[in-house]
Amino acid sequence: MHQEITLSQDGRIILYPDYNIRVSSQMNVYGEKFVLRLMKKEASIKGLQELGYPDDETVMEKYFNKKNCIAVIAAPTGEGKTTTLYSALALLNRPNVNITTVEDPVEIRIPGLNQVEVNKRVTFADSLRTILRQDPDIILLRRDKR
């Protein structure tokens, strides 16, 4: 019996009009493990207050809109990291604010943002070099765990 050894892979299945199925595979000592996640295609972006943050937009803007800072959001799978990030971007998204995201993958498309999706030809490093030459106000780097 021959077993083909492959690298871990991530992708999506587009079968249904309203949902994507996110697929992740990983090799382990017993063979291969697969995880499927059901993602709504046109998910609405919730306000930060709906996520349990303080019900004061000026306080939230103060937390998420500081000059020369880095915010790190970390939590286990399915705990709302992406939802929190997109909600914060929706709060800060204005025509006079240059927001660029580099994502792997782009989960929700937001009008007014410059969203770049990483792939084999477009890397985080290359994207970040280019973005820094385009006078960004806010940069979001988001990568799913691999």
Side-chain angles (χ1 to χ4, degrees), residues 1-55 57 59-61 63-66 69-95 97-146:
M1 180 175 181
H2 173 71
Q3 180 181 357
E4 183 177 329
I5 305 296
T6 61
L7 298 174
S8 298
Q9 296 183 56
D10 291 290
R12 64 180 75 173
I13 299 170
I14 303 171
L15 223 93
Y16 305 101
D18 296 335
Y19 292 91
N20 286 332
I21 301 171
R22 295 276 310 281
V23 181
S24 176
S25 72
Q26 181 180 42
M27 294 298 300
N28 64 47
V29 296
Y30 300 108
E32 199 164 9
K33 175 186 173 192
F34 282 87
V35 173
L36 304 177
R37 292 176 62 201
L38 190 61
M39 307 290 287
K40 193 167 179 93
K41 278 186 183 176
E42 297 301 323
S44 63
I45 298 171
K46 295 181 179 187
L48 287 166
Q49 296 76 23
E50 294 176 72
L51 302 177
Y53 287 90
D55 194 13
E57 196 167 301
V59 169
M60 293 316 301
E61 190 160 329
Y63 288 137
F64 285 104
N65 198 18
K66 291 185 178 228
C69 75
I70 295 175
V72 177
I73 297 178
T77 300
E79 293 297 320
K81 297 176 299 293
T82 299
T83 302
T84 299
L85 290 168
Y86 283 134
S87 296
L89 290 177
L91 175 71
L92 302 170
N93 190 11
R94 295 183 189 89
V97 179
N98 182 4
I99 301 175
T100 302
T101 72
V102 182
E103 304 176 62
D104 183 14
V106 171
E107 295 282 5
I108 300 172
R109 294 173 188 222
I110 302 175
L113 300 187
N114 305 296
Q115 292 177 279
V116 177
E117 188 164 84
V118 173
N119 58 40
K120 290 178 183 175
R121 292 179 40 225
V122 179
T123 66
F124 275 98
D126 292 338
S127 297
L128 193 53
R129 260 191 301 278
T130 302
I131 290 167
L132 292 173
R133 294 183 188 116
Q134 297 194 359
D135 193 29
D137 296 309
I138 298 170
I139 301 171
L140 167 74
L141 301 175
R142 191 188 67 77
R143 180 175 185 215
D144 274 355
K145 179 181 159 191
R146 296 212 188 253

query = Would you say N93's side chain and P111's backbone share a donor-acceptor pair under 3.5 angstrom?
reply = yes
key: Backbone N/O of Q26 and side chain of K33: donor-acceptor pair under 3.5 Å   = no
inquiry  = Using 0.5 Å steps for rounding, measure from the CD atom of E79 to the OG1 atom of T84.
reply    = 10.0 Å
note = Sequence neighbours excluded, the answer for salt bridge (Lys or Arg N to Asp or Glu O under 4.0 Å) partners of D126 is R129
task = To the nearest 0.5 angstrom, please state how far the OG1 atom of T101 sits from the CZ atom of R109.
result = 10.5 Å
query = Under the 3.5 angstrom rule, does the side chain of S24 hit a backbone N or O of V35 as a donor-acceptor pair?
reply = no
remark   = Correct closest heavy-atom pair for S87 and L48 would be CB-CD2, 3.7 Å
Nearest heavy-atom neighbours spanning A75 and K81 = O-NZ, 3.0 Å
task = Would you mind telling me which of N114, I138, I139 makes a side chain to side chain contact (heavy atoms under 4.5 Å, CB included) with N98?
result = N114
key: Side-chain heavy atoms of E117 within contact of E103, under 4.5 Å   = no
Under 3.5 Å donor-acceptor, N119 side chain and R121 backbone = yes
request  = Let me know which of V23, I21, T77 forms a side chain to side chain contact (heavy atoms under 4.5 Å, CB included) with R37.
outcome  = T77
Gap between atom CD1 of I13 and atom CZ of R22 - 0.5 Å precision = 11.5 Å
For Y53, side-chain hydrogen bond (donor to acceptor under 3.5 Å, both in side chains) partners two or more places apart = none
note = Shortest non-hydrogen pair, V116 vs V122, comes out as CG1-CG1, 3.9 Å
query = Got a second to check how far L113's CG is from L89's CG, nearest 0.5 Å?
reply = 5.5 Å
key: For Y86 against E107, the heavy-atom pair lying closest together   = OH-N, 3.0 Å
task = Flag yes if more than 12 heavy atoms outside I70 fall under 6.0 Å of its CD1 atom; otherwise flag no.
result = no
query = Can you name the side-chain contact (heavy atoms from CB on, under 4.5 Å) partners of L85, sequence neighbours left out?
reply = I73, L140, R142
